[in-house]
Number of protein chains: 2
Amino acid sequence: MTEEKFFTISELASMFDISSRTIRYYEEMGMLTSITRESLTKQRSYSNTERRRLKLILRGKKLGFSLQEIKEMIDLYESNPEGKAEKERIIEFADKKLKEIDEQILQLQILKEEIFTHRERFLQEK
Amino acid sequence: MTEEKFFTISELASMFDISSRTIRYYEEMGMLTSITRESLTKQRSYSNTERRRLKLILRGKKLGFSLQEIKEMIDLYESNPEGKAEKERIIEFADKKLKEIDEQILQLQILKEEIFTHRERFLQEK
DNA sequence: CTCCAAGTTGACGTTAACGTACACTTAGAC
DNA sequence: GTCTAAGTGTACGTTAACGTCAACTTGGAG
């Protein structure tokens, strides 16, 4: 059996050093779904699946994406498209994102070299 | 002689596909300085130097940095530190930024592979 | 000189991504 | 059962990064 551990909202929050409000906000936005919520209890409870999703969201934020963009990417991860047209649309989206990311990496490398050059300048002058 | 061309605010704006308001805002924030402003005229005028700065700012934004972070980096570019302590502080800052950028590039590469994997999944199922 | 498109200074409006405060409700220790 | 720390929904507050509007001023074409 897969040992399923569940988390309260504040456990999850301190786990990633964010506030409970933030998690509730992500849920409002439809980026997270607390599982047991639909059944008996009134309090949220999160599984490892949700923990992983939250991690994805926070990584996305660190990389400078908006919550909307992150949502789109996560939807890509979890989509199960029917018709061929749907599949093609998704593949196109993926290709677009891949291109954007490549460009972003390129720009970061340029920025890196620039900063390095300036750093050297100060070392030289020492 | 270096052929110096000057630009009005709207020229610069359309050049980068942003609004004049945005440029004025950056100036308010101390990220840009229209040159002729200090002298006779009342209207802003920008040189190539300012054009390059604006380009730097917009690149930074694309990469997900806040205007404050961008300002700090530009200050690094243009700082001329006096004492040894100042130099060391700047070098430390540069090193920190370089590390952050490396981490960012790494995360982007991971994200890239993830998206690629999911893309493949849809191709397979076709 | 005259005219008007373009620029300027406030000042208030807007959106994303939460923070904060409040008046409840819930759940686990005793 | 009860008590309290933790959770909930609702709603208003906040900050960054501009948008927008109004009432002027400026400067280049004619």
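Here is the naming used below: chain letters follow the sequence lines, and residue numbers restart at 1 for every chain.
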In numerical order, the residues of residues 55-67 of chain B whose heavy atoms come under 4.0 Å of DNA chain D are B:K61, B:S66, B:L67
Working to the nearest 0.5 Å, report the span between CG of A:D95 and CZ of B:F116.
-> 9.0 Å
Phosphate contact (C:dG7 OP1 or OP2) by B:R44 side-chain N/O below 4.0 Å = no
Phosphate OP1/OP2 of D:dG19 contacted by B:Y25 side-chain N/O (<4.0 Å) = no
Output yes when B:E86 and B:R89 qualify as a salt bridge under the 4.0 Å nitrogen-oxygen rule, no when they do not.
-> yes
A:E28 CD to C:dA17 P, straight-line distance once rounded to whole Å = 13 Å
Would you list the protein and nucleotides 25-27 of chain C atom pairs, both N or O, that sit under 3.5 Å from each other?
from   : atom 1 : to    : atom 2 : distance (Å)
C:dA27 : OP1    : A:T41 : OG1    : 2.6

Please determine if a side-chain N or O atom of A:R24 lies less than 4.0 Å away from the OP1 or OP2 oxygen of D:dG7.
-> no
Among residues 7-21 of chain A, which contact DNA chain C at a heavy-atom distance under 4.0 Å?
-> A:S19, A:R21
Which whole-number value in Å describes the distance from B:M31 CE to D:dA16 P?
-> 13 Å
Criterion side chain to side chain donor-acceptor pair (under 3.5 Å) against A:Q107, the qualifying member of A:Q109, A:Q104, A:E103 | A:E103
Taking every heavy atom of A:R121 against every heavy atom of B:Y77, the minimum-distance pair comes out as NH2-O, 3.1 Å
Residue pair A:Q68 / A:E72, side-chain donor-acceptor N/O under 3.5 Å | no
Worked check of side-chain hydrogen bond (donor to acceptor under 3.5 Å, both in side chains) between B:E11 and B:Y46 = CA-CA 9 Å; B:E11 278 172 346; B:Y46 303 90; over 6 Å; no
Rounding to 0.5 Å, atoms CG (B:D102) and NZ (A:K112) come to a distance of 4.0 Å
Apply side-chain contact (heavy atoms from CB on, under 4.5 Å) to B:E78 and list each qualifying residue two or more places apart in sequence or on a separate chain.
-> B:R53, B:I74
For A:K97, which residues count as a side-chain hydrogen bond (donor to acceptor under 3.5 Å, both in side chains) partner, sequence neighbours excluded?
-> A:E100
Nearest-0.5 Å distance that lies between atom CZ in B:F65 and atom CD1 in B:I101 | 5.0 Å
So CD1 of A:I57 and CD1 of A:I23: to nearest 0.5 Å the spacing works out to 9.5 Å
Distance in Å, A:L123 CG paired with B:I90 CD1, rounded so as to fall on 0.5 Å steps | 11.5 Å
Contiguous pairing runs of three or more, Watson-Crick or G-U under 3.5 Å, that involve DNA chain C | C:1-30 with D:1-30
Inspect the contact between A:R44 and A:E27 and indicate whether a charged nitrogen and a carboxylate oxygen are less than 4.0 angstrom apart.
-> yes
